Asker: 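Here's a structure for you.
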Amino acid sequence: MAMKLWASSTAKALKISCANRTRATPSLTFSVSRCFSTVLDGLKYSSSHEWIKHEGSVATIGITDHAQVLHFNGLQGHLGEVVFVELPESGSTVAKGGSFGAVESVKATSDVNSPISGQVVEVNSKLTEAPGLINSSPYGDGWMIKIRPSSLSELEGLMDSGEYTKFCEEEDAHH
């Protein structure tokens with residue numbers, strides 16, 4: 001993960017990319033994010049770039065690597081290194097598509113939306129002291145909340161890893 005962050009930062013500083021390998025441009029400035037972001041199998045993904053892992057009666061939610069690289073660090077959202085995370089309290093409820101918190105950096109703030117509805121059963125307290133875990137470990141230590149889903153059928157409307165990868169590629173092509 002550290003190597004990926006170094007590579008992403010270096011590529012951005014040098015204004016180079018592997019996202020568009022078929023043609024070179026004189027300025028060499030095009031998307032640096034796709035060649036460095038990771039999509040994991042076994043998770044579900046939302047179009048607003050949150051991931052969810054459902055295990056038993058609990059679902060863990062966080063933001064995707066693509067979101068933190070592209071939207072938070074990269075070319076579109078420009079958030080950069082995450083410096084503060086606002087999360088709901090345990091026991092509160094979240095609604096599908098509704099904001100449950102925010103991620104802030106030195107550059108911008110972005111809402112985080114819930115891919116499904118449910119009751120918050122745990123909040124990642126590590127993010128209070130180390131919000132950068134979202135950058136360094138978005139699928140691991142950077143998870144945000146755990147919820148008890150109110151309707152498992154909402155999971156069916158989310159993308160699998162292949163669909164999400166295609167979604168990101170199409171989204172990147174439009175920017």
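Keep in mind it's a predicted model, so treat the numbers as computed, not measured.
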Asker: When hydrophobic residues are tied together by side-chain contacts of less than 4.5 Å, even through go-betweens, does Trp143 share a cluster with Val58?
Answerer: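 No, it is not one cluster - the side chains of Trp143 and Val58 are not joined through contacts under 4.5 Å.
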Asker: Take Tyr164 and Thr64 through the side-chain hydrogen bond (donor to acceptor under 3.5 Å, both in side chains) test and state the conclusion after the steps.
Answerer: CA-CA 10 Å; Tyr164 181 68; Thr64 66; 2.8 Å; yes
Asker: If you round to the nearest 0.5 Å, how far is OG1 of Thr93 from CD of Gln119?
Answerer: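 OG1 of Thr93 is found 7.5 Å from CD of Gln119.
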Asker: With sequence neighbours excluded, tell me which residues meet salt bridge (charged side-chain N to carboxylate O under 4.0 Å, His left out) with Glu55.
Answerer: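 For Glu55 the salt bridge (charged side-chain N to carboxylate O under 4.0 Å, His left out) partners, ignoring immediate neighbours, are Lys53.
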Asker: Walk me through whether Ser47 and Met159 qualify under side chain to side chain contact (heavy atoms under 4.5 Å, CB included).
Answerer: CA-CA 8 Å; Ser47 60; Met159 295 175 270; 4.2 Å; yes
Asker: Compare all side-chain heavy atoms of His49 with those of Ile63 and state whether any distance is below 4.5 angstrom.
Answerer: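 When only atoms from C-beta onward are counted, Ile63 and His49 do not touch, as no gap falls below 4.5 Å.
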Asker: Is the backbone of Phe100 close enough, under 3.5 Å, to the side chain of Asn113 for a donor and an acceptor to pair up by distance?
Answerer: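 Pair absent, no side-chain N/O of Asn113 close to backbone of Phe100.
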Asker: Would Ile145 and Glu122 satisfy side chain to side chain contact (heavy atoms under 4.5 Å, CB included), going step by step from the backbone distance to the final call?
Answerer: CA-CA 6 Å; Ile145 62 173; Glu122 188 177 348; over 6 Å; no
Asker: Taking salt bridge (charged side-chain N to carboxylate O under 4.0 Å, His left out) as the test, write out the residues that go with Asp160, two or more places apart.
Answerer: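 Per chain and number, Asp160 pairs via salt bridge (charged side-chain N to carboxylate O under 4.0 Å, His left out) with no residue.
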Asker: With a 6.0 Å cut-off on the ring centroids, do His66 and Phe167 count as close?
Answerer: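 So the answer is no for these two rings.
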Asker: Applying side chain to side chain contact (heavy atoms under 4.5 Å, CB included) between Trp51 and each of Thr60, Ile61, Leu158, Asp65, report the one that passes.
Answerer: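 The passing option is Thr60.
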Asker: Between Leu155 and Val121, is there a shared hydrophobic cluster once you connect ILVMFWY residues whose side-chain heavy atoms come closer than 4.5 Å?
Answerer: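 Result: no, two separate clusters.
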Asker: Could you state the interatomic distance from OG (Ser57) to CD1 (Ile147), rounded to the nearest 0.5 Å?
Answerer: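 Result: 11.0 Å between the selected atoms.
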Asker: Can you check whether Leu133's main-chain N or O pairs, donor with acceptor, with Asp141's side chain at less than 3.5 Å?
Answerer: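 No, Asp141 side chain to Leu133 backbone: no donor-acceptor pair under 3.5 Å.
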Asker: Would you find a donor on one side and an acceptor on the other, under 3.5 Å apart, between the side chain of Thr165 and the backbone of Ser161?
Answerer: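 Such a contact is found between Thr165 side chain and Ser161 backbone.
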Asker: State, with a plain yes or no, whether a side-chain heavy atom of Ile116 is found less than 4.5 Å away from one of Lys44.
Answerer: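 When only atoms from C-beta onward are counted, Lys44 and Ile116 do not touch, as no gap falls below 4.5 Å.
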Asker: Minimum heavy-atom separation for Pro115 to Glu50, with atom names?
Answerer: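 For Pro115 versus Glu50, the nearest heavy atoms are CG-CB, 4.1 Å.
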Asker: Please confirm whether the backbone N or O of Ser99 pairs with a side-chain atom of Asp111, one donor and one acceptor, at under 3.5 Å?
Answerer: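 No: the side chain of Asp111 does not pair with the backbone of Ser99.
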Asker: Applying the side chain to side chain contact (heavy atoms under 4.5 Å, CB included) criterion to Val103, which one of Leu127, Val112, Val83 satisfies it?
Answerer: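 By the side chain to side chain contact (heavy atoms under 4.5 Å, CB included) criterion, Val103 pairs with just one of Leu127, Val112, Val83: Val112.
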Asker: Taking atom types as modelled and ignoring hydrogens, do the side chains of Glu154 and Ser117 form a donor-acceptor contact shorter than 3.5 angstrom?
Answerer: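 Glu154 vs Ser117: donor-acceptor pair found between side chains.
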Asker: For Ser90, give me all partners under side-chain hydrogen bond (donor to acceptor under 3.5 Å, both in side chains), at least two apart in sequence or on another chain.
Answerer: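 For Ser90, no residue satisfies side-chain hydrogen bond (donor to acceptor under 3.5 Å, both in side chains) once neighbours in sequence are set aside.
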Asker: Locate the shortest heavy-atom distance separating Leu152 from His54; write the atom from each residue and the value.
Answerer: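 Closest approach of Leu152 to His54, heavy atoms only: CD2-NE2, 3.3 Å.
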Asker: Might you work through the side chain to side chain contact (heavy atoms under 4.5 Å, CB included) test for Leu43 and Ile52, ending with a clear yes or no?
Answerer: CA-CA 6 Å; Leu43 303 179; Ile52 186 166; over 6 Å; no
